[in-house]
Amino acid sequence: MTATEAAPNGAALHVGRSLKRKEDPRLITGRARYVDDMTVPGLLHAAIVRSPEAHAMIVSIDSSAALAREDVELVLTGQDMTDLESPLPCAWVPPGTEIANAPHWALARGQVNHVGDPVAIVVGTDRYAVVDAAEEVLVEYESLPVIVDPRAALADGATLVHEDLGSNRVFEFSLGGGDVEAGLAEADVVVQREIVNHRTSGAPIEPRGVIADFRAGSLTIHSSTQVPHFVRLFLALQLGISEERIRAVAPEVGGGFGAKLQFYGEEVLLAYASRRLQRPIKWIETRSEHMQVAHHGRDQIATCRMGARQDGTITAFHVQITADLGAYLMLLTPVIPVLGAFVMGGCYAIPNVRTDITGVFTNKMSTDAIRGAGRPEATHMVEVMIDQLASELGMSPPAIRRKNFIPKESFPAEVATGVVYDSGDYHGSLDKLMGKLDVEAFKREQAELRGRGIYRGIGLSTYTEICGLAPSRIVGPSGLGLQTGLWESAMVRVHISGAVTVYSGASPHGQGLDTSFAQIVADRLGVDPEVVEVIHGDTGTGPQGLGTYGSRSLSVGGEAIARATAKVAEKAKAIVAHELEAAAQDIEVSGDRFSVRGSPDHGMSLAEVAGAAYIPENLPEGMEPGLEETTFYDPENFVFPFGAHAAIVDVDGETGKVAVARYIAVDDCGPAVNPMIIDGQIHGGITHAIGQALYERVHYDDDGQLVTGTFVDYSLPSAAEVPMFETDRTETPSPSNSLGVKGVGEAGTIGASAAVTNAVIDALRPLGVTFMNMPLTPMRVWEAIEEARGGVPA
Amino acid sequence: MSATVPVRITVNGASHQLDVEPRRLLVHALREELGLTGTHVGCDTSSCGACTIHLDGVAVKSCTVLAVQCDGREVTTIEGLGSTDDLHPMQEAFWEHHGLQCGYCTPGMIMAGVDLLNRTSQPSESEIRHAIEGNLCRCTGYHNIVKAIQAASGQQTEATSQARDEVQA
Ligand code: FES
Ligand code: FES
């Protein structure tokens, strides 16, 4: 790996290197401060009374026993909070599309619509006591019929989640280009499959948590969130207080995976109750609550049709998605399938692609963004379908992909869905991947294992995704319809000592961005990354920001930092030029100095420049003192990372158990800022997708009861379920930003579920199984094998 | 609050007298009474291992132990293992090998890793994976955690951080 030439002049000293993370010393010693680690004088605790019913009218709520307790200060129900300014927000209002919506209040008003729907909040002096007290709040329900199946929910006469809407249909939306019906008619072969991306949980190991502290007309809220600035804005709107009176802080956050990209009712409840009592209150989500009420992801059933000519050229791809949105529309609930639709054509030059989406209400928790958010679903569909098509045509999976890849020379490439893929080299990553496979050894091992009843299979996934959210003019109110811009901000402050503080509007929670950001700044200012401090996640410091999600924080947030740093460097150069009586354009950053090109000894350190800037005795005419700059950066385009993944799996023919024997990933997220961190993101992303493919499923029974309400029945993969990962990269710079970088936080999750699924299907083909949907649990695999053998599964 | 019971627990070498409700979990006593917030809570079914500490030198999940059961016993938490100026080799290895991202599972992972090496000085990859099976991590995919534990046991591993730039240059 060569260091990337990302610095504007001089060699990159820090970008491109696997610097150990600046974040780690506090984390490995137990000295970090997550929300639950904090306390405030006079702190009260809260517990929430939740509905055990999936669909019911609230007949009565009797809080008297709870209120009679000495350790309880307050009980609130929905009826006590009718002075809230508005229901919880949904940020997607697509121009020209009707969206049916029902008010979603922080506490249910008269009716509950899913298990876990909050009914009351109990506030008291002791953490254990409020849980006891919550048990003493007596709620009488009158059960309503429950609708769980999203397709049944669309039928005439179906039970309605929200009676007054007259239907469970939320919206219809289509995205695509060309003419899919004509394209399918042109095809020699059309394959049709029903592909299910089942419901999953984000399940960060730190559950959510909130401390609200309302004092003297101002609110400070600490929340385990990915989006503190949104939390502040929405709290202002909900509570009717002005935004500058609110400080929202995301302290150390123990993972998010989209589950914390949300504005949750608990944030409102805590702030509201704190204002009422004028006391600080803490609420920490239990894991069981997280499984119930932290928004879920995926849950799309899709009818997919892919057509091709005999030579393998794909002529059309049509996808019809029924998206189970749950009971309410939360921040981004309905737009998630649309994000996937943008890349429904995958890496392929398919002239006709269309995705038709129907969003549906059911009596379940809302779905929303979970790692990948729409794009894992889309990639799963296109990558499983292309393998199904290959098998129909008698082509090999690599051959059909190569036949249809958008060639390297075509970038930037406008695809049928209307977006412009920024850059790519799909042949390059697949070739590199295939070079690592050793197909001969695979075949040998496959034959050996077969003798022991183990079926070995291999599956590919070549993905591209759309991230770096997002160009505001494309996704904003009059474009896609998100009621926000999606730029990012940065402020770079050089202190008089030459130390640097960077304020970012991003809100990282495990991605190592303090380190990557410091590397970018260090190269541009000739300092050590050690002296670059990165501050984020606090609306009380730095400029307005938009948070961390959608693999945006390096390509948008990092680019903002690079630009703010460039402005600082420009000012520094003018100061140095003035001091040294040289021309500003002759000053460059070389090692740890700003020096005159060609004479490295003739120069000033950043500390010397800062001294001159803050003690302004000899600044150029008209220059302001100080050395700090702010940038707001709105990208021109998205970025489109891509890669080629292969999974090798072993399926036990007797038990149906699947083991991932090898996983090889070649990813391209542009020039690496910190290769070690990139690998880590890929490892975690792949594991998340292996979880979805093999183990994890949020499951409701027909009564809308959540069957997978804890970590006992919702199985995250453990260390024993995944192999060491073999990772490598290609580096194709993005023209969308000056760093050339693309996002990487979601890439592994987007690419991997299809590779695992295709591998399991490949393994089972000798047994007559030709298609399966996730999750590929032992039971389901065993049933598929039995069915193919002609037996009737129990 | 119900009646409390006095207990004496030695935590990270210091003896503490606490009055706790009989139902109080050790993890809450450590975090809330003693301010040792490095031990985390990630679940309510003893599944995640974020709360792993050492009780009389052996790794246990402190959410499955009552504080009253620890009367007269010795507890070591992540704070007692090492400090920023004096890291334990396992902490050092997690840093060096990028064995953490959000850091929430990390104290528990590190305590589990130390416990494994106390029992098995040179564990195989599969022994490591099974030893930390009860510690869930959503961020890392375990790859670098396994490497960190291997490295802390003195076994050869592929370089992860800076050192690998030299190897790959
Ligand atoms: S908190 Fe103890 S195992 Fe999860
Ligand atoms: S580092 Fe985040 S859960 Fe392990």
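Side chains included, hydrogens not; waters and symmetry mates left out as well; all remaining heavy atoms used. In the text below, chain A, chain B and the rest are named by the order of the sequence lines, each starting its count at 1.
The candidate with the highest count of non-hydrogen atom pairs below 4.5 Å against chain B, out of A:Leu27, A:Asp37, A:Thr125, A:Leu19, is A:Asp37. Chosen from B:Gly103, B:Gly99, B:Gly80, B:Gly38, the residue pairing most often with chain A at heavy-atom distances under 4.5 Å is B:Gly103. Most heavy-atom pairs under 4.5 Å with chain B: of the set A:Ala719, A:Gly510, A:Gly30, this distinction falls to A:Ala719. Interface summary for chain B: among A:Ser718, A:Gly684, A:Ser288, A:Gly202, the most heavy-atom pairs under 4.5 angstrom belong to A:Ser718. When each of B:Arg24, B:Lys147, B:Met109, B:Met90 is checked for heavy-atom pairs under 4.5 Å with chain A, B:Arg24 comes out on top. Options A:Gly691, A:Pro204, A:Gly680, A:Gly685 differ in how many heavy-atom pairs under 4.5 Å they form with chain B, and the most are formed by A:Gly680. Of the listed residues A:His509, A:Met676, A:Glu23, the one with more heavy-atom pairs under 4.5 angstrom with chain B than any other is A:Met676. Among the candidates A:Glu206, A:Met291, A:Arg33, A:Lys20, the residue making the largest number of heavy-atom pairs closer than 4.5 Å to chain B is A:Lys20.
A salt bridge is defined here as a Lys NZ or Arg NE, NH1 or NH2 lying under 4.0 Å from an Asp or Glu carboxylate O, and B:Arg73 with B:Asp56 meets this definition. For the pair A:Glu285 and A:Lys260, the salt-bridge criterion is not met [side-chain N within less than 4.0 Å of a carboxylate O].
Neither the backbone nor the side chain of A:Gln511 comes within less than 4.5 Å of any heavy atom in chain B. Looking at B:Thr106, only its side chain comes within 4.5 Å of chain A, counting heavy atoms on both sides. Both the backbone and the side chain of A:Ile677 have a heavy atom closer than 4.5 Å to some heavy atom of chain B. Contact annotation for A:Thr29: both backbone and side-chain heavy atoms come within less than 4.5 Å of a heavy atom of chain B. Only the side chain of A:Arg31 comes within less than 4.5 Å of a heavy atom in chain B; its backbone stays farther off. Both the backbone and the side chain of A:Phe725 come within less than 4.5 Å of a heavy atom in chain B. Only the backbone of A:Pro723 comes within contact range of chain B, judged by heavy atoms closer than 4.5 Å. Of the two parts of B:His143, the backbone and the side chain both hold a non-hydrogen atom closer than 4.5 Å to a non-hydrogen atom of chain A. Of the atoms belonging to B:Tyr142, it is side-chain heavy atoms, and not backbone ones, that fall under 4.5 Å from chain A. Looking at B:Leu81, there are no atoms closer than 4.5 Å to chain A (heavy atoms on both sides), in backbone or side chain. Of the atoms belonging to B:Leu87, it is side-chain heavy atoms, and not backbone ones, that fall under 4.5 Å from chain A. Both the backbone and the side chain of A:Ile205 come within less than 4.5 Å of a heavy atom in chain B. Both the backbone and the side chain of B:Glu96 come within contact range of chain A, each with at least one heavy atom under 4.5 Å from a heavy atom of that chain. If you measure heavy-atom distances from B:His97 to chain A, you find no contacts under 4.5 Å at all. Proximity to chain B is absent for every atom of A:Asn674, based on heavy atoms less than 4.5 angstrom apart. At a 4.5 Å heavy-atom cutoff, A:Arg26 makes no contact with chain B through either its backbone or its side chain.
In this structure, B:Tyr104 OH and B:Cys139 SG are separated by 12.0 Å, a value rounded to the nearest 0.5 Å.
Using modelled atom types, no side-chain atom of A:Ser224 and backbone atom of A:Arg208 make a donor-acceptor pair closer than 3.5 Å. Proximity of a side-chain donor or acceptor of A:Glu721 to a complementary backbone N or O of A:Thr687 within less than 3.5 Å is not detected. Counting only distance, with no hydrogens or angles, the side chain of A:Arg371 and the backbone of A:Gly745 share a donor-acceptor pair below 3.5 Å. The backbone N or O of A:Arg127 sits nowhere less than 3.5 Å from a side-chain atom of A:Lys282 that would complete a donor-acceptor pair. Judged by distance alone, with hydrogens and angles left aside, the side-chain atoms of A:His688 form no donor-acceptor pair with the main-chain N or O of A:Ile690 at under 3.5 Å. Using modelled atom types, no side-chain atom of A:Glu726 and backbone atom of A:Ile664 make a donor-acceptor pair closer than 3.5 Å.
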side-chain hydrogen bond (donor to acceptor under 3.5 Å, both in side chains) between A:Glu696 and A:Thr200: does it pass, once the steps are laid out? CA-CA 6 Å; A:Glu696 298 176 32; A:Thr200 63; 5.4 Å; no
Go through A:Asp24 and B:His98 one step at a time and tell me if the side-chain hydrogen bond (donor to acceptor under 3.5 Å, both in side chains) criterion holds. CA-CA 9 Å; A:Asp24 290 357; B:His98 189 29; 5.0 Å; no
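At least one side-chain heavy atom of B:Leu25 sits less than 4.5 Å from a side-chain heavy atom of B:Leu66.
Side chains of A:Asp528 and A:His14: no donor on one and acceptor on the other come within 3.5 Å. Of the N and O atoms on the side chains of B:Thr140 and B:Gln101, not one donor lies less than 3.5 Å from an acceptor on the other residue.
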